[in-house]
Amino acid sequence: MQRKRQPAEPYRIKSVEPIKLLTRKQREERIKQAAYNVFRLDATDIYIDLLTDSGTAAMSNRQWAALMMGDETYAGATSFRRFESVVKDLTRKNFVVPCHQGRSAENLFFSTILKKGDYVPNNTHFDTTRANTLHKGGIAVDFPCEASNTDEYVSFKGNMDVEALEQFIHEKGADKIPVIVMTVTNNSIGGQPVSMKNIKDVSALCKQHHIPFFFDCARFAENSYFIKRDEPGYADKSIRDIAHEMFEQCDGVMMSAKKDGLANIGGFIAVNDEDLYRRLTELLIIVEGFMTYGGLAGRDLEVLAVGLEEVLEFDYLDFRVEQVRYFGERIKEAGIPIVEPIGGHAVFADAGKFLSHIPAEQFPGQTLTVALYLEGGVRAVEIGSLMFGGEDPNTGEKLTARRELVRMAVPRRVYTNSHLDYVADAAARIAEAKDKLGGYKITRQAAFLRHFTCEMEQLAPSGIGVEMK
Ligand SMILES: *Cc1c(COP(=O)(O)O)cnc(C)c1O
């Protein structure tokens, strides 16, 4: 793909936060103390943090100003009314349930609508969405499109497989499926977007079978940008109009506003069904807070009301998505294969391909993750056999990851292209020495979500001592 002119940041810097690179020797000590698990590192150990794009955005001057307008009234705060009106207008829904982040929205929603043994189809479940579905006795089923499993360069790889979904509905019966969820963008398979056509096809199928259709829409604005850029007929539409058209296709949404809310905390559910809204708020008041703040401070609601508007600005999104693409191209040029096309919020390095001499049981993704820290003080995250492998704690069945990936997520408005160039340069030095890198073994782990806390050791030949200048 031809590289078009890289847009420069559509903002200037008013406040800075110093970051510091520890020496190589200090980094070696720190990662060893952390048992080679980057989740065990402290912020001060890290120079460039690409662990996640969640809750890590930089706020604008308008958001900081709005924060001072926070009305901390318990019930009926003006801050909630502002937030509510922005969310209602954006999502085209009548009722808004605020909550403190995405997974609390999932908890409320699935607790309210699921019965034991119900199925929940999704293009691809995000891990907390899957966990919340399972936790309430539901069965989470993914329907990614065929291309999602391949290296094929196609647009809208986040799409749902409508045919497979239709067959599933016929097999199980619509009464066993209380909701169908579309994740926009499709986070788990690389931040890949979903097309408007696919959204409309799934929406029509849901209507035909009287199944409610919901979005898990943490990155709705990035998805709207991809529709404008790549889907025929949308080039001249505004991001806001595209977002409205998307939201008009669904019955309700859950959002982790820590992503496209451009805020550090927050989430919500928005629905049209008044009875569902009543049931959601009954539980909300028990587990999150009153219906006009839902676990958030008034100032957070103000910040979100501004963030959800700013995120629709074309210049912001154009820079954002192009910056991630630029970064991905640089990583590829550095000699590390990546998942393509590059998604909206992160670059996924294919460590399985890159370190083909390291078997999956020795965690090639972890090898690359540790190498990035040692070489550049960069924190990425393994998304492979360390995260998804091991044994099923319920059945004892051996689990395997589909691919050995390393995610480098790009926080919004935080790093400049020179920071990302720095990461790509570190990646290039790792690529030169890749044959010297070895794998890892786990020495201690928990039964669930082991990657967060497990301890590891390097296997010989040592991957760690790559002597690089
Ligand atoms: C982040 C995310 C969630 C969970 O949100 P939290 O705010 O982290 O609890 C749910 N779904 C998707 C698609 C996400 O990206």
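Both ligands and their constituent atoms are indexed starting at 1 by order of listing. Being a predicted model, the structure only gives us computed values, none of them experimental. Values reported hereafter were calculated over all heavy atoms of this structure, with side chains retained and with hydrogens, waters and symmetry mates removed.
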(request) Quick one: closest heavy-atom pair of M387 and E382, and the distance? (result) N-OE1, 3.1 Å
(message) Tell me the closest heavy-atom pair linking L312 and A243, and the distance in Å.
(response) CD2-CB, 4.3 Å
(request) State whether the number of non-hydrogen atoms from other residues, nucleotides or ligands found under 6.0 Å of R444 atom CZ is greater than 12. (result) no
(request) Taking the six-membered ring of Y277 (Phe, Tyr or Trp), confirm whether the NZ or CZ of K88 is under 6.0 Å from its centre and within 45° of its axis. (result) no
(message) Could you check whether K228 makes a cation-pi contact with F314, meaning its NZ or CZ is under 6.0 Å from the centre of the six-membered ring and within 45° of the ring axis?
(response) yes
(request) Using salt bridge (charged side-chain N to carboxylate O under 4.0 Å, His left out) as the criterion, point out the one residue from R407, K258, R412 that pairs with D53. (result) R412
(request) Output the set of protein residues with a heavy-atom contact under 4.0 Å to ligand 1, ordered first by chain identifier and then by residue number. (result) Q101, G102, R103, E106, F126, T128, T129, T183, N187, D216, A218, R219, S256, K258, K259
